[in-house]
Every structure is written in structure tokens, then in C-alpha cells.
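Data first, discussion second: the structure below is written as C-alpha cells.
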Amino acid sequence: MVRYDKILRKSAAQADRFAELSAKYETLQADYAKIKRALDSTLHEVRRFSGELSSYSEHLNKQLEAQHVDAATRELCETIFYTSGMISSRLAFTDLELNPAAVRLQVPLRAGIYKKFEKAGHVLSLKARLRHVAIQMKGSSFMEIEALPSFELLPFVLLDNAIKYSPSYQPITVRFDESAHGTQLEVCITSTGPYLDPNERSIVLERGKRGRNAEKSPITGDGLGLYLAQFLCGYHDLRLRIASDQSGIYDIDGIPYAPFIVRLNAELTSS
Amino acid sequence: MFITLGTPRRLSDLGVTLPDISVLKRWIDIAVLDDEPFIRTQALRTHGFRLTELGGDIKSVDQVASYPVVICDIRGVGRAFDSPHEGAHVISEIRKSYPDKFLIAYTGYTHDAFFSAKLASADASATKDAPIDYWTQVLELGLKNVGDPKQRWIRLRSTLLERGVELFDVLELEQAFVKSIKHRNSGLLMEEAKTLQFSSEVMDLIVKFTAAALVGLIENL
């Protein structure tokens, strides 16, 4: 026997559920449109300001070249100029994340890897000094790769991370080992940071993820640095490896610290 | 009956050496379409580029006829075209009439997949805050493209084929193009075009290419 009353009740409940989901969908659509509008106008304006900032700081640097100013002022002005470039690189990264198709129209630039690290070190030198951390560059390299505008961010986030997690008065070493014919390069960044367990190595490369000991430490972070680095390495055919040196673990305020080693490998392919 | 005599001239027979970038900078004009002042104008002029700001109120693509390289903002440009895609639409319209130009989309919306889908006609893009190094590299790439007669012809040739022009007619035109460059006579291409049966749309493309590209190439190479 068919229970029509039961079927009707079920159908009415489904209709109610459908109406509820439709209302939710419309709310989400409206929220999405609102967020997109805000994101569009914010990115547009930030880009405009970033362009103006880099243009004005470029002018300022040029004017200072002709004048006698103290080294500290000159360094500060250069840092402002380079930092404005980092805003641009960061926004270029957002383009890659939100719209990978945008890459088709970007013109790759020749970028010297050593020079990019040198520049990132320059931008971060003030921050490093304030944290009593010294960045030492060892070796050299003339290797150049075809790089997207966001590439500048890669050495920046790696060094920024190293400074951020390093205890005071610990060195950060950036060593460049280039093969005899200049076709292979390994950049090895050695710093000190909260110990990273081997099974967490791939996890911390994901967006928003940090190591267990980094989370326990008082150092705050959004888990973005290594994610950005890994993403950019993927776009530029670079290999990124990270590890803590288990043989050098020691405690700071109950948190295990160890030498943290980042290895970046680049290889020029004949094409 | 199908008779051809002689050896076809190849594009590689053009025998033109691409001038240095400093020479290209001196003779190639670059148009900027932007409803706001273009922030990089001064710096790029200091680098030797010949930039002209035409504003954002473009009413016809022929306004950029004499500029082989065009930088076009995406928002606030070409309202007269009445398209929701604004500058992206202007770029695609310029491409239709002048396939040999190097078009650079200049936008603050590169994160938006909607706009990049509309930018298929552009050759390159730059963001509003792109560093000067990027701009110089993009413009140098553009100058090398438009300063090279072979590249410019190939761009027009692809468009002619896309619009259904017979392969043999394109070959005849190509012969006339090579001859025009070698004899430094832009009229030879037009003379050949007139002997072939082309639609007014195709003829318009060739007329524009001759006037805007070929004459300039012959004068400056």
C-alpha cells in the first residue's frame, strides 16, 4: 500500500531543504561578489600605490646619488626602494595563485640568482641587525635563469624565515656552489630554528602549516614563507629541500632548536 | 593551368639585419592608452623610448595606426566602443585591424581570470606596479618584434590565412613583400594586392599594413 501522506511529507521537507539551500547559495553568491569587489579594488589601488612608491623612491635614490648624504640615510632609502619592489613581487605572486593563466602574458626576465639573494639580504639587513643576526654570503655564482616578476620573493622569504626563527647572535650562512661549467647551482642556507621533525618536512611546505616546535615557540607566523618558496620553485624548475640537523639539537626555553638547512638546486638545461 | 616561373623568394632572403635596440628605440613610436597619467612615462623616456600618451578616450583604432607598439590600460579606456571589457576590447579591435602591432595590456587586474581570458589578443602584460626593469624588457621585446620585417609579415600572414585567404594568394603577396623590402618600394605590395581578388576587409588589412608598417620599415632599415 502506497503511503501518499508519508511521501508528501517527505517531499515537503525536501522542498523546505531546497529553499533553505537556495537561500544559503544566494547569500554565498552575494558574499562572494562583495569580497571579489573588495579584493579587486584593493589590489588595484595597492598596485597603484606600490607603483608610485617605487617610482618616487627611485627618484629619491637618484637625487641622493648627486648629494653628500651619510651612508645610513642612503642605505635606508635603498631599502625603501627594494622593499617597494617586494610589494610588487608579492602581488605578482597573488596573480599566480589566483589566476595561473596570467603567466602566459608575463615576459620572463633574466635573473641572476646570486644577485637576487644579495638584494634580499640588503632589504632584510636592517631587520637582521635589529635581531642581532648576521647574514653571510659565501661563494659566488653567475647563473641566470628566466624568471617571472614574482621570483624576487623566493630569496626574500627564505632569508626572512631564517631571520625570524633564528635566536639572537646566531649566524645565517648562504653558500653558493656552482659547477665548473656554471650549469648547476646549489644554494645552501644554514640558520638556526625550531627543530623540524623529518615527517613534517612536506607538511610545512603546504599553505598555512608550521612545524610543531615552531608553533610551540613564541614566534608567530602564518605558515606562508615555505609555501611561497615551494610554489615559486615549482614555476622556475628549481628543487627545494629543507631539513633540521638532528645532531645539533639543543633547548631554548623548553623548545628544541637545531641548525635548519634549506637547499635550493638549479640546473640549466640546453634548449 | 598552373604555371609559375622562377624561384620563389624566401623570407630568409630579406637580407635585413635587425638594428641595435638603441636604433629601434629612436624610430619606433609607442602609444600609451590610459585614462590616468602613465606613471612610467618619464622613466621610460629617460631609457630612450619614444612614448606618447594618447589618453583613454580612444574613438577609433586608427588613432594608433602610426604606433607599432601600444600599451593599453584595461579599465577606463575606450568607452566609445561601449564594451564591458573596455581596454581588453580595444586591444582585440586593434589586433583585428593591425595584426602586426605589439600590444601590451596594462592592468591592475591580472589576478582576475575573467580579464585574462579577454586578453588573448595581447602579446604581453604588465601590472600597474611593474618595476622599471620589467617595463624596459617588455618594451625591448616589443621593439625587436616590430623592428623585424619578417616577424611583422608573419603576423599579417597568419591573420590572412585565418581569414580564409588562399594559400597561393598569400604566397604571391609574400613574394611582393620580400620584393618591396629588397627594392625599398612599398608600392610593390599594393600593386600585387590589387591584381588579386580580395574582399574589402582583406584589402583594408593590406592597405593598413603597407601604410603603417611597410613604409616605416623601408624608411628605417
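Numbered from 1 within each chain, the chains take letters A, B, ... in sequence-line order. What you see is a predicted model; the values in this text were computed from it and never measured. Scope of the values below: all heavy atoms of this structure, side chains included, with no hydrogens, waters or symmetry mates.
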Given heavy-atom pairs under 4.5 angstrom as the criterion, report whether the side chain, backbone, both or neither of [X] touches chain A.
{"X": "B/Q42", "value": "neither"}
{"X": "B/I132", "value": "side chain"}
{"X": "B/L141", "value": "side chain"}

Residues, nucleotides or ligands: over 12 heavy atoms within 6.0 Å of [X] [atom1]:
{"X": "B/K150", "atom1": "NZ", "result": "no"}
{"X": "B/D82", "atom1": "CG", "result": "no"}
{"X": "A/R239", "atom1": "CZ", "result": "no"}
{"X": "A/R110", "atom1": "CZ", "result": "yes"}
{"X": "B/R45", "atom1": "CZ", "result": "yes"}
{"X": "A/E97", "atom1": "CD", "result": "yes"}
{"X": "A/L21", "atom1": "CG", "result": "yes"}

If you tally heavy-atom pairs under 4.5 Å between each of A/S88, A/S50, A/S84, A/G51 and chain B, the highest tally belongs to A/S88
What residue in A/L98, A/D40, A/L43 has the most heavy-atom pairs under 4.5 Å with chain B?
A/D40
One should read off an interatomic distance between A/L109 CG and B/T136 OG1, to the nearest 0.5 angstrom, of 8.0 Å
Report the distance from atom NE2 of A/H44 to atom CG of B/D129, rounding to the nearest 0.5 Å.
10.5 Å
Identify the two heavy atoms, one from A/R48 and one from B/K128, that lie closest to each other, and give their separation to 0.1 Å.
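Of all heavy-atom pairs spanning A/R48 and B/K128, the closest is N-CB, 4.5 Å.
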Nearest heavy-atom approach of B/R40 to A/E58 is NH1-OE1, 3.5 Å
At a 4.5 Å cut-off on heavy atoms, which part of A/P100 comes close to chain B: side chain, backbone, both, or neither?
neither
Which region of A/L91, side chain (C-beta onward) or backbone (N, CA, C, O), has a non-hydrogen atom less than 4.5 Å from a non-hydrogen atom of chain B, or is it both or neither?
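Answer is side chain: those atoms of A/L91 sit under 4.5 Å from chain B.
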Any donor-acceptor pair under 3.5 Å from B/Y134 side chain to A/L148 backbone:
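Such a contact is absent between B/Y134 side chain and A/L148 backbone.
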Selection from B/P131, B/A130, B/A122 maximising heavy-atom pairs under 4.5 Å formed with chain A:
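Of the candidates given, the most pairs with chain A belong to B/A122.
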